[in-house]
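We name chains A, B, ... by the order of the sequence lines, and we start the count at 1 in each one.
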Amino acid sequence: MRNIKFKEISPELNRISAPIKNEGSRISMGQEKFVGEYYYIEVDRLVPFKNQARKIFDEIELSNLSDTIKEHGIRQPLTVIKSLDIDSVFEVVSGERRLRAAIMAGLKTVPCIIIEGQDTAEEIALIENIQRQDLHPIELGDGLASLILKAGWGEVSKLADRLGKDHSTISNYLSYSKLPEKVKTHLVENNIRSRDVLRKLMKCATDLEMEEVLGLKTKSKKFVAKSLLRINLIGREFKIQDQSIYKLDQEDLQHLKEHLLSVVAKIDNELK
Amino acid sequence: MNIENSGLTQKIIATLLKQNHSSISRWFSKNSVIPMNKSSESSRNLRYSIGDCRQLFSESLGIKESTGEACVTSFYNFKGGTGKTSICYQVSSHLALMGLNILVIDADPQGHLSTSLGFDNNHDYPTLSDVISGTVPLDRAIREVFPGLSCLPSNLAVTRLEVTLNEMAKREERLKMLLASCKDKYDFIIFDTNPTISLLNRNIMVASDIISIVCETQPYSLNGLKILMDDMTRFFYNMQMDLPEIIVIPNKYEDRSSNAAEAMTVLRQYYADYMIPDFAIRKSEDITTSAKQSLPLAFFVRANSIALEDISDLLRFYLKRLYPKFKYEVAA
């Protein structure tokens, strides 16, 4: 009689044989029973991830982290991926802050989990950053758009599922990435994050309109007439609309007063 | 090839059917079947012809007529040496012995399956290469091994297929399109493949209803399996097709090996959906002998052969796919 025996899987065999996670399975950050071995890698073999969405690091924050690391070491291994360009070098997908802080603290090696697959790395990088509140909406939108472009990422709903966000939220961010480059750069450089502004921009039909919203373009030479004062005679009644005068600046008010005085003078003439 | 002159003993038939051999004996008497070797010895040594055996099996299994559309399965693994061809040979020949109409297609230029089926390595017969490129129609290229088992043999010419296929439109789907016309003639169409990732193999995968992955119970094989699954998943995703059914068949299992036991746990844990529970094909000399002699197991092994036991359990899987309501009982 056939009697198949089963023996507990050793970590070595598990590392060799555990299946590769791919489309349809959730990214489990530390939710797996067995995350995988980590390795201590020299800091000079670690470079930032090419497709990193976030690029700015707060010096004070880093310094604090560095102190903690000096005391307790690095608790959470970094996530790295083998570099495609340079052999023996790894790109840090998640943990660039920890790396910088570790270097500051004088560490020579840091613990790293090596993951496979370019796509997975980008997902992790993006997910990490999405959790941070201070990523610029444009940077976020661009990151999501580049994920969508990769083979196998076609649908927004899939992406929304993976990231744990609303379909509409993701759609919104994606639409930001469709803005013209000049506009996007301006928004990021000047740290314009207001949802209001973004909404206005999305409503604009042309690049020109967008630039106007941002105040990038000076208005065209043709000026539109603005009504300042209306005096209507309806039957025997005078109707006066003068609310606009309150919108004028001091200079224009003075000019208006002068123009009105000249009109009054003309009326005086006729009254005689 | 001496397969036509070989027959099966009652005991073997009984083992394959998991029945008592007296019910077999009864059937033969009831149907006045004459054994091939009229022996004055005990009935143990009597052998019954392939034709008679097929009849018995069909009736016993309740296979009245063909299902109308063949189930296509391919034995695939890009890792070589796992025992793919051996298992393919056993499954296809025994399913045919058991009354089904089988077409087995050798898609491996090495042609080991063809050799086991009796085709000389240097044969001039048309191969899959001729059929796909259109020079020979499929039905003229197929050769009968014994009634119930037909084969499209292979030789080195099959390597030319990569180039041919590459230039065709719908290049991964040519085989599927080709098979459509003959699916009503067979119960199973079975492929043996070359251990590689190639356009021909992509064609075979696309044409398959079931992909049978033969995997050894050792680390390199398991590593290969994970890569294989990943590759297949991506391939079907990119083709925008559903994954076909998959069965993972552990092979060359050794009872006393702790590494094999660990490997079985890996398979059970990660590939549970694709496994027959508590099943593995144990390492056996019989399977090697079978290939050498070009004779399926049933014709020469002892009734207590572990290879026969394992293969016959594997056959149940395929039979059940074809006849889901099917019960393994002899209708005495």
Side-chain angles (χ1 to χ4, degrees), chain A residues 1-28 31-37 39 79 81-82 84 93 113-124 146-162, chain B residues 215-240 243 248 250 253-282 284 304 306-314:
Chain A
M1 242 0 268
R2 184 175 55 240
N3 183 26
I4 308 294
K5 299 209 178 75
F6 297 89
K7 187 171 171 231
E8 193 184 317
I9 310 172
S10 61
E12 294 80 24
L13 186 61
N14 200 59
R15 187 167 50 87
I16 298 173
S17 58
I20 299 168
K21 295 247 179 273
N22 50 33
E23 261 70 58
S25 65
R26 304 212 134 259
I27 284 276
S28 53
Q31 282 155 13
E32 284 170 285
K33 279 173 288 201
F34 184 69
V35 179
E37 289 188 7
Y39 305 84
T79 314
I81 180 178
K82 209 169 190 320
L84 293 172
V93 170
I113 294 175
I114 304 175
I115 56 173
E116 292 154 13
Q118 190 71 4
D119 283 346
T120 325
E122 288 192 33
E123 277 168 29
I124 293 182
S146 82
L147 267 188
I148 283 263
L149 270 182
K150 306 237 169 240
W153 270 105
E155 291 165 18
V156 176
S157 43
K158 259 199 182 171
L159 184 53
D161 252 344
R162 289 293 279 278
Chain B
C215 175
E216 283 179 85
T217 47
Q218 57 107 311
Y220 282 140
S221 239
L222 295 174
N223 183 249
L225 182 61
K226 109 175 162 185
I227 298 171
L228 179 64
M229 290 299 231
D230 184 60
D231 175 70
M232 280 202 306
T233 313
R234 280 172 197 275
F235 170 68
F236 280 101
Y237 189 96
N238 287 329
M239 292 290 290
Q240 296 185 317
L243 263 179
V248 172
Y253 171 80
E254 280 182 280
D255 190 53
R256 274 174 251 166
S257 157
S258 73
N259 283 317
E262 245 185 273
M264 286 306 295
T265 312
V266 167
L267 290 171
R268 183 175 66 176
Q269 181 165 323
Y270 294 122
Y271 302 100
D273 291 341
Y274 312 125
M275 306 271 291
I276 300 172
D278 289 313
F279 175 78
I281 298 189
R282 292 164 284 179
S284 161
N304 63 356
I306 62 177
L308 190 66
E309 184 190 339
D310 293 341
I311 292 294
S312 105
D313 284 338
L314 183 59

Does B/Tyr270 reach the side chain of A/Asn14, with side-chain heavy atoms less than 4.5 Å apart? yes
Could you tell me whether the side chain of B/Ile306 reaches within less than 4.5 Å of the side chain of A/Arg2, counting heavy atoms only? no
Residue from B/Pro250, B/Pro219, B/Ala280 scoring the most non-hydrogen pairs under 4.5 Å with chain A is B/Ala280
Among the listed options B/Asp313, B/Leu267, B/Ile227, B/Leu225, the residue most often paired with chain A at heavy-atom distances under 4.5 Å: B/Asp313
What pair of heavy atoms forms the shortest contact from [X] to [Y], and how long is it?
| X | Y | value |
| --- | --- | --- |
| A/Ala18 | B/Lys226 | O-CD, 3.0 Å |
| B/Ala263 | A/Leu13 | N-CD2, 4.1 Å |
| A/Ser17 | B/Tyr271 | O-OH, 3.9 Å |

Cut-off 4.5 Å, heavy atoms of chain A, and the answer for B/Tyr220 is neither
Counting only non-hydrogen atoms closer than 4.5 Å, does B/Asp310 touch chain A with its backbone (N, CA, C, O), its side chain (CB onward), both, or neither? both
Using atom types as modelled and distance alone, determine if a side-chain donor or acceptor of B/Thr265 lies under 3.5 Å from a backbone N or O of A/Lys7. yes
Got a second to check how far A/Ile4's CD1 is from B/Arg282's CZ, nearest 0.5 Å? 6.5 Å
Tell me, with the steps shown, if A/Lys5 and B/Asp255 meet side-chain contact (heavy atoms from CB on, under 4.5 Å). CA-CA 7 Å; A/Lys5 299 209 178 75; B/Asp255 190 53; 3.2 Å; yes
